[in-house]
Amino acid sequence: MKTETDIATPNHKSVPFRKSASRLLRIAYAQRYLQVMALLGVAWMIIFHYVPMYGIIIAFKDFNIVKPISAAPWAGLEHFKAFLDDDNLASVIKNTVGMSVLKLVIGFPLPIVFALFLNELRSIRFKKLVQTISYLPHFLSWVILGGILATWLADVGLINKLLLALHIIQEPISYLAEPSYFWSIIVTSDIWKELGWSSIIYLAAMAGVSPEMYEAATIDGAGRFQKMFYVTLPSIKGTITILFILSVSGILNSNFDQILVLKNQLNASASNVIDVYVYEVGLRQSRFSYATAVGLIKSLISLILLLSANFITKRLNNTSLF
């Protein structure tokens, strides 16, 4: 039986909990405006990212747009098998992986190199000028940049005129009509658009490197390039690793806007990638279930790539996303 003392004295385990809860409520009230902003972000993510995930089930159904999803008959793995048996599968995978790997191999290190050299500039005005010029293409949509590129790469465009004047080519080349040039155009234009913007994260990481480390390296007789390799790069290793993991997981994301703008019937053999294929099959042919199945396969492969890259980098340098 409980004594009068036990009844009068509250449970000692509940006291810290009440104090902690009271403290959290006070903090939440003091930060109420920030909390509202955060809750709006959470609500946006739930509404536009998690609620639509219900639609994934149409990959396993014969969905018809005039009927609700619940009324569609089940099709099992029929649409997945149809994609694996599709004659376009090999070319779609080759184009997607080929362009994405080129972007990863060439486009991933360049912002790091650009940020390293930009960080070494002593003139603040010149540094800001270079940053502004390199950032500008990022703020232009691919519709605008695609029009510029189409004009430059035309038979009578700037590129052909320049190459003819330098006697590098003997006759004009219609670059967007030649599949052999398409991958190079995609990779080059992507680097041109995103180089400056992608370097921002690395510049921010470099700003956090302790000046004492550079001073110590100077005392040891290190030059500017040696400081870059032995001080700056090791200090931003974590940032590079995280961005590399995210880049690997996005190998199957081939920049839909860019390719859709530059794609045409003449270069279709080199420009048909998964995202464009899903768009054309899903919306133009109204095969929504099939397109959803293809997108789901792509998402699963991306998840596997993310987990694999995270596991490997964690083993190699003890840095990972989770």
Side-chain angles (χ1 to χ4, degrees), residues 97-142 145 148-149 183-251 253-255 257-258 305-306 308-322:
V97 175
M99 279 186 277
S100 297
V101 169
L102 284 175
K103 287 181 181 180
L104 182 64
V105 172
I106 301 173
F108 182 78
L110 284 180
I112 302 173
V113 176
F114 181 72
L116 285 170
F117 284 103
L118 200 60
N119 190 55
E120 293 296 321
L121 292 178
R122 294 292 177 260
S123 174
I124 302 300
R125 289 186 177 181
F126 183 67
K127 183 177 181 179
K128 289 183 177 179
L129 177 64
V130 173
Q131 285 180 304
T132 302
I133 294 173
S134 64
Y135 295 169
L136 279 177
H138 171 80
F139 298 99
L140 299 176
S141 70
W142 274 114
L145 289 181
I148 294 173
L149 286 172
W183 288 15
S184 302
I185 294 170
I186 290 295
V187 174
T188 305
S189 59
D190 185 75
I191 292 172
W192 169 48
K193 187 176 188 295
E194 301 297 341
L195 177 65
W197 185 257
S198 300
S199 66
I200 292 178
I201 298 178
Y202 301 112
L203 287 170
M206 292 173 191
V209 180
S210 174
E212 297 177 356
M213 298 178 67
Y214 291 110
E215 293 173 3
T218 302
I219 294 172
D220 291 338
R224 297 181 70 175
F225 283 98
Q226 289 174 317
K227 291 177 186 177
M228 289 167 56
F229 283 103
Y230 297 108
V231 178
T232 307
L233 277 177
S235 299
I236 64 171
K237 180 181 67 174
T239 303
I240 295 173
T241 301
I242 298 300
L243 293 178
F244 178 76
I245 293 172
L246 296 176
S247 298
V248 170
S249 66
I251 280 181
N253 296 326
S254 48
N255 201 338
D257 296 342
Q258 177 191 19
L305 290 172
L306 173 66
S308 301
N310 187 76
F311 175 78
I312 293 171
T313 54
K314 189 173 184 179
R315 284 297 185 89
L316 291 177
N317 58 16
N318 200 29
T319 305
S320 61
L321 278 172
F322 45 85

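In this chain, residues are counted from 1 in sequence order.
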> Given side chains that start at C-beta, do those of L104 and S247 come closer than 4.5 Å, heavy atoms only?
Replying inline: yes

>> If the condition is ring-ring contact (aromatic ring centres under 6.0 Å, His included), which residues does F244 pass it with, not counting sequence neighbours?
In response: F108

> Of the non-hydrogen atoms in W197 and Y135, which two are nearest, and what is the gap between them?
Replying inline: N-CD2, 3.8 Å

> What closest approach, in Å, do L145 and K193 show between heavy atoms, and which atom pair accounts for it?
Replying inline: CD1-CD, 3.3 Å

>> Assess, by modelled atom type and distance only, whether the side chains of S254 and K103 contain a donor and an acceptor separated by less than 3.5 Å.
In response: no

> Checking side chain to side chain contact (heavy atoms under 4.5 Å, CB included) for the pair L116/L233: CA distance, chi angles, key distance, verdict?
Replying inline: CA-CA 8 Å; L116 285 170; L233 277 177; 3.9 Å; yes

> What closest approach, in Å, do A205 and I236 show between heavy atoms, and which atom pair accounts for it?
Replying inline: CB-CG2, 3.6 Å

>> Please identify which of these residues, N310, N318, T319, N317, meets the side-chain hydrogen bond (donor to acceptor under 3.5 Å, both in side chains) condition with T241.
In response: N317

>> One pair to check against side chain to side chain contact (heavy atoms under 4.5 Å, CB included): V248 and I245. What are the steps and the verdict?
In response: CA-CA 5 Å; V248 170; I245 293 172; 5.9 Å; no

>> Could you measure the distance from the CD1 atom of I242 to the OG atom of S320? Nearest 0.5 Å is fine.
In response: 6.5 Å

> Within the side chain of Q226, is there an N or O that forms a donor-acceptor pair under 3.5 Å with the backbone of G223?
Replying inline: yes

> Nearest heavy-atom pair of I185 and S189: which atoms, and what distance?
Replying inline: O-OG, 2.7 Å

>> Would the distance check show the side chain of S199 and the main-chain N or O of G196 forming a donor-acceptor pair, the cut-off being under 3.5 Å?
In response: yes

> For atom CZ of F225, is the number of surrounding heavy atoms from other residues, nucleotides or ligands below 6.0 Å larger than 12?
Replying inline: no

>> Just by distance, no angles: are the side chains of T232 and N119 close enough, under 3.5 Å, to form a donor-acceptor pair?
In response: no

> Looking at Q258 and D190, what are the two nearest heavy atoms and their distance?
Replying inline: NE2-N, 3.6 Å

>> Surrounding CD1 of I201 (heavy atoms of other residues, nucleotides or ligands, distance under 6.0 Å), is the total greater than 12?
In response: no

> Counting only heavy atoms not in K127, do more than 12 sit closer than 6.0 Å to its NZ atom?
Replying inline: yes

> Is there side-chain contact between W142 and L149, with heavy atoms separated by less than 4.5 Å?
Replying inline: yes

> What pair of heavy atoms forms the shortest contact from S235 to V209, and how long is it?
Replying inline: CB-CG2, 3.5 Å

